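Working notes, beginning with the structure itself.
Both ligands and their constituent atoms are indexed starting at 1 by order of listing. Side chains included, hydrogens not; waters and symmetry mates left out as well; all remaining heavy atoms used. No experiment lies behind these values; they were computed from the predicted model shown.
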Amino acid sequence: MNKLVIVAIGGNSLVKDSGSESIQSQQEAVAQTVEHIADMIQEGYKVVVTHGNGPQVGFTLQRSEIANEVSGMPAIPLVNCVADTQGGIGYLIQQALINELTKRQINKKVVSVITQVEINEHDPNFINPTKPVGSFFTKEQAEAMLVEHPDWKMVEDSGRGYRRVVPSPKPIDIVEKEAIKSLIDNDYVVIAVGGGGIPVVKKENNVYEGVDAVIDKDFATSLLAAQVNADSLIITTGVPRVFINFGKPEQQALEEITVEETKQHVQDNQFPPGSMLPKIEASLSFLENGGHRVIITNPESLKEAINNQAGTHIIN
Ligand SMILES: Nc1ncnc2c1ncn2[C@@H]1O[C@H](COP(=O)(O)OP(=O)(O)O)[C@@H](O)[C@H]1O
Ligand SMILES: NC(=O)OP(=O)(O)O
C-alpha cells in the first residue's frame with residue numbers, strides 16, 4: 001500500500017490554551033503531533049503535511065505593530081507575516097519529523113517547500129474579512145481594541161472568545177505545485193502550503209506580487225490534495241470529531257456522514273465560518289474533485305482514525 005494522504009495540522013491545535021503561545025510550547029505540541037504522523041508513515045502511507053498559522057500569524061502581526069508603536073520600527077506587512085510563520089512552523093515540523101523518523105530508523109527525507117498560492121485580487125473576501133487570527137479576547141477587551149483601532153474587525157470565534165479577522169481570499173493555484181509533485185514522486189515527506197500559502201497575484205507579464213491576506217489552510221490543502229491526486233485528506237484540529245449542535249448540551253458527534261448529509265448540516269448552519277465551516281467546505285470540494293475520503297479528527301487520534309476507529313469520516 002502506498003496511498004497518498006494529505007494531513008493538515010490546525011494552527012490552533014499547536015496553541016492549546018492561552019499560556020501555551022511560546023515557541024517552546026508550540027515545539028512540544030509539534031513533537032507530539034509528528035509522532036502520530038510518523039505512525040502513519042511507519043504503516044506505509046505516503047504523507048504530505050500542511051499546516052495552519054491562524055494564531056501564529058496574528059502574534060507576529062501584533063509583535064510588529066507593537067514594535068512600530070513603541071520604537072517606530074517599520075511594521076511587517078501581513079503577507080510577510082504569513083511567509084515568516086510558514087517558515088517558522090515549517091521548520092518546527094520538519095525538524096521534529098526528521099528526529100522522530102531517525103529515532104524509529106525510518107529512512108525518509110523530509111522537506112518544507114516555501115509555497116506561494118495564487119489568489120484573485122478582486123476576490124470579494126477582501127471586502128468582508130473572515131479569517132480569525134491571533135489571540136482570543138473577552139468581549140470587553142475586543143470592544144476596547146476596536147475603539148483604539150476603528151479599522152479592525154473582530155468576531156466571536158466558536159464560543160472561545162473574540163478574535164481579530166483579516167481578509168481571506170480563496171486559493172486558485174499553487175505556484176510551486178510541480179516542485180511539490182516531483183518531491184512526492186521522489187519519496188520525500190513534503191511540508192507545503194503552510195499557513196494556507198503566501199498569497200500572491202499574477203500581474204501583467206506573469207509577474208507575481210504578494211498580497212496582504214491569510215488564505216484558509218483548509219482550502220489551500222484541499223486544492224493541493226486535488227492537484228497532487230491525493231487519495232485521502234485528513235484535517236487535524238482541536239476536537240476528536242465534528243459535532244452537530246456543537247457546544248450545546250445536546251451536541252452529538254458525527255462518525256460517518258455522506259456528502260449529501262454534510263451539505264444538509266451546512267444548510268442548517270451547524271458549522272461556524274472561520275472555524276469548522278472552511279474544513280467542511282474544503283472536504284466537500286476535495287470529495288467532489290475526485291478525492292476518496294476525508295477524516296476530521298485531533299492529532300492524537302490520527303492512527304485510530306485512519307483505521308476507521310476514530311474521527312469523523314466524510315464519504316462520497
Ligand atoms: N460543529 C463543530 N464541531 C466540532 N468543532 C467545532 C464545531 N463548530 C466549531 N468548532 C470549533 O472549531 C474548532 C476548529 O477550528 P479552528 O480552531 O479555527 O481550526 P484549526 O485547528 O485549523 O486552527 C474546533 O476545535 C472547535 O472548537
Ligand atoms: N491559515 C489558516 O487557515 O490557519 P489556521 O488553520 O491555523 O486557522
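Of the protein's heavy atoms, Thr237 OG1, 2.6 Å lies nearest to atom 21 (O) of ligand 1. Shortest contact from atom 27 (O) of ligand 1 to any protein heavy atom: Phe246 CZ, 3.6 Å. When hydrogens are left out, the protein atom nearest atom 24 (C) of ligand 1 is Val239 CG2, 3.9 Å; that is the closest non-hydrogen contact. The nearest heavy-atom contact from the protein to atom 3 (N) of ligand 1 is Phe243 N, 2.9 Å. Scanning all protein heavy atoms for the shortest distance to atom 17 (O) of ligand 1 gives Arg160 NH1, 2.7 Å.
Counting the atoms of ligand 1 from 1 in the order shown, those under 4.0 Å from a heavy atom of Gly274 are 18 (O). Interface atoms of ligand 1 facing Phe271, defined by a heavy-atom separation under 4.0 Å, are 1 (N). Near Gln270, with a cut-off below 4.0 Å to any heavy atom, the atoms of ligand 1 are 1 (N). The contact set between ligand 1 and Val242, taken as ligand atoms under 4.0 Å from a residue heavy atom, comprises 3 (N), 4 (C). The ligand atoms of ligand 1 that sit less than 4.0 angstrom from a heavy atom of Gly238 are 25 (O).
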Atom pairs, nitrogen or oxygen, ligand 2 to protein, under 3.5 angstrom:
{"unit_1": "ligand 2", "atom_1": "1 (N)", "unit_2": "Asn53", "atom_2": "OD1", "d": "2.9"}
{"unit_1": "ligand 2", "atom_1": "1 (N)", "unit_2": "Gly195", "atom_2": "O", "d": "3.4"}
{"unit_1": "ligand 2", "atom_1": "1 (N)", "unit_2": "Ile215", "atom_2": "O", "d": "3.1"}
{"unit_1": "ligand 2", "atom_1": "3 (O)", "unit_2": "Lys131", "atom_2": "NZ", "d": "2.9"}
{"unit_1": "ligand 2", "atom_1": "3 (O)", "unit_2": "Lys217", "atom_2": "N", "d": "2.8"}
{"unit_1": "ligand 2", "atom_1": "4 (O)", "unit_2": "Asn53", "atom_2": "N", "d": "3.0"}
{"unit_1": "ligand 2", "atom_1": "4 (O)", "unit_2": "Gly54", "atom_2": "N", "d": "3.1"}
{"unit_1": "ligand 2", "atom_1": "6 (O)", "unit_2": "Lys217", "atom_2": "NZ", "d": "2.9"}
{"unit_1": "ligand 2", "atom_1": "7 (O)", "unit_2": "Gly11", "atom_2": "N", "d": "3.0"}
{"unit_1": "ligand 2", "atom_1": "7 (O)", "unit_2": "Asn53", "atom_2": "N", "d": "3.2"}
{"unit_1": "ligand 2", "atom_1": "7 (O)", "unit_2": "Gly54", "atom_2": "N", "d": "2.8"}
{"unit_1": "ligand 2", "atom_1": "8 (O)", "unit_2": "Lys131", "atom_2": "NZ", "d": "2.7"}

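Of the charged side-chain nitrogens involved, none lies within less than 4.0 Å of a carboxylate oxygen, so that Lys109 and Asp187 do not count as a salt-bridged pair. Look at Lys177 and Asp173 and you find a salt bridge, because one of the NZ, NE, NH1 or NH2 atoms lies within 4.0 Å of a carboxylate O, short of that distance. The existence of a salt bridge linking Arg164 and Glu148 is excluded, since no basic side-chain nitrogen approaches an acidic carboxylate oxygen closer than 4.0 Å.
Within the 4.5 Å cutoff, the side chain of Val133 has no heavy atoms near those of the Val165 side chain. Two residues are said to be in side-chain contact when any heavy atoms from C-beta on lie closer than 4.5 Å; Lys217 and Lys279 meet this criterion.
Remark: Glu178 CD to Leu183 CG distance equals 11.5 Å, nearest 0.5 Å.
In this pair, Phe243 and Phe246 present their aromatic rings tilted. The plane angle is within the 30 to 60° band.
Under the side-chain hydrogen bond (donor to acceptor under 3.5 Å, both in side chains) criterion, Ser64 pairs with no residue, sequence neighbours left out.
At a cut-off of 3.5 Å, with distance as the only test, no side-chain donor of Asn99 or Gln95 sits close to an acceptor on the other residue. Side-chain polar atoms of Ser232 and Arg293 form a donor-acceptor pair below 3.5 angstrom.
At most 12 non-hydrogen atoms from other residues, nucleotides or ligands lie less than 6.0 angstrom from OH of Tyr188. Enclosure of atom CG in Asn107 is not indicated, since only 12 or fewer non-hydrogen atoms of other residues, nucleotides or ligands lie within 6.0 angstrom.
Residues Ala310 and Arg241 share a closest heavy-atom pair of CA-NH2, 3.6 Å.
Relative to the six-membered ring of Phe136, Arg160 misses at least one condition, a distance below 6.0 Å or an angle of at most 45° to the axis.
Residue Pro272 holds the heavy atom nearest to atom 8 (N) of ligand 1 of all those in Ser275, Pro272, Ser158. Selection from Met276, Lys279, His265, Arg241 by nearest heavy atom to atom 22 (O) of ligand 1 gives Lys279.
Considering backbone and side-chain N/O of Asp218, none are found under 3.5 Å from N/O of ligand 1. Ligand 1 has no nitrogen or oxygen under 3.5 angstrom from a nitrogen or oxygen of Asp157. Checking only distances, Arg163 never comes within under 3.5 Å of ligand 1, N or O to N or O.
Judged by the shortest distance from any of its heavy atoms, Gly52 lies outside the 4.0 Å radius around the atoms of ligand 1.
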